[in-house]
Amino acid sequence: MKSVVTTVVTAADAAGRFPSSSDLQSVQGSIQRAAARMEAAEKLAGNIDAVAKEAYDACIAANPYLNDAGQANSTDTFKAKCHRDIKHYMRLIQYCLVVGGTGPLDEWGIAGSREVYRALNLPTPPYVAALSFARNRGCTPRDLSPQALTEYNSLLDYAINSLS
Amino acid sequence: MLDAFSRAVVSADASTKCVTDLGALKEFVAQGNRRLDAVNAIASNASCMVSDAIAGMICENQGLIQAGGNCYPNRRMAACLRDGEIVLRYVSYALLAGDASVLDDRCLNGLKETYAALGVPATSTARAVQIMKAQAAAHIKDQPSEALAGARLRKMGSPETADRCASIVAEASSYFDRVISALS
């Protein structure tokens, strides 16, 4: 799982040396930002159902054709699955906040997603709409501190970019 | 390879839940500087720690450097020093990451079988690791023994904490114990 620490350790191991002071500096940089990430992760974990529901509702409202017969949101089963997918992305973003890198999104969300969505004939613009809604929904200081919101939004941007 | 944070994520993912128990990770973050100082203490004293550990092991068992011993001739002694440094290096990685996976995957996996095949005595290896464990604790606490170090006494001089980084010392010791139990 890619994170600052594992990247540093992999590089040090490849060179066969002990962690150098520059290695320790990069880990410290990650640790300094960790407090904001933990705050965002904690808030997101506590409210993930509401966040995912809002994003899902917004994306269906923006793409009402999805409710038509034969479309991706037409039946109750499909609706539940769409909602689950949005929540899945939010959970991976929570993982990324904890890890301090995009490893979880890369490995469990993005890798192979293009093939899966094509095979299942799912449109990606509604995912982008849902994540973009979440991206613009956060408000400081109501929801999170400025630094925490920045970390959260940049991960949403990363997920949006991977889908568009 | 995992660190303390990705370990939490991987176990949360097994039940498709968010990471809810953030207390331990916040503690990790709060004690981040202690951890970095501890890794620095090991890395900065590594060569001294390794040579002392191997010398100590041999002092207690002179047969190792007599003909037929496993540290005789120089070529095998050099291999021994090299292995001591490798073990210490992976322990320092594990301490930096806060997780033993790098130590397990890249160092200990198959080490016992390799040593058995090469005829390296497990008890001597374990003794050298034990000495390094005691040294690591002394350096992380920044309390190297004045009686034993003599003129070579060297202190890091990093800011002292009231409990002398007891939790980091315990964690580092657990990684050394992991090496010992993997070898025996």
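Protein chains get the first letters and strands the later ones, always in sequence-line order, with residue 1 at the start of each. The shown structure was predicted, so the numbers you read here are calculated from the model rather than taken from an experiment.
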Is it the backbone or the side chain of [X] that comes under 4.5 Å from a heavy atom of chain A, or both, or neither?
X     : answer
B/L88 : both
B/V19 : both
B/D99 : neither
B/A4  : neither

Does either side chain, that of B/Y93 or that of B/R89, offer a donor lying less than 3.5 Å from an acceptor on the other one?
yes

Best-contacting candidate, A/S30, A/A12, A/A35, against chain B by heavy atom pairs under 4.5 angstrom:
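Winner by heavy-atom pair count: A/A12.
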
Below 4.0 angstrom, N of the basic side chain to O of the carboxylate: do A/K2 and A/D106 qualify?
no

Under 4.5 Å from a heavy atom of chain B, the part of [X] involved:
X      : value
A/Q94  : side chain
A/V4   : neither
A/P104 : side chain
A/I48  : side chain
A/D23  : neither

With the side chain counted from C-beta on, respond yes when A/I93 and A/L44 share a heavy-atom pair under 4.5 Å apart, and no when they do not.
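Side chain of A/I93 against side chain of A/L44, heavy atoms only: contact under 4.5 Å found.
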
Step-by-step salt bridge (Lys or Arg N to Asp or Glu O under 4.0 Å) determination, A/K43 to A/D143:
CA-CA 8 Å; A/K43 288 265 176 63; A/D143 302 321; over 6 Å; no

Is the B/Y90-B/Y175 ring centre distance short of 6.0 angstrom?
no

Nearest atoms (heavy-atom pairs only) where A/A148 meets A/A40:
O-CB, 3.8 Å

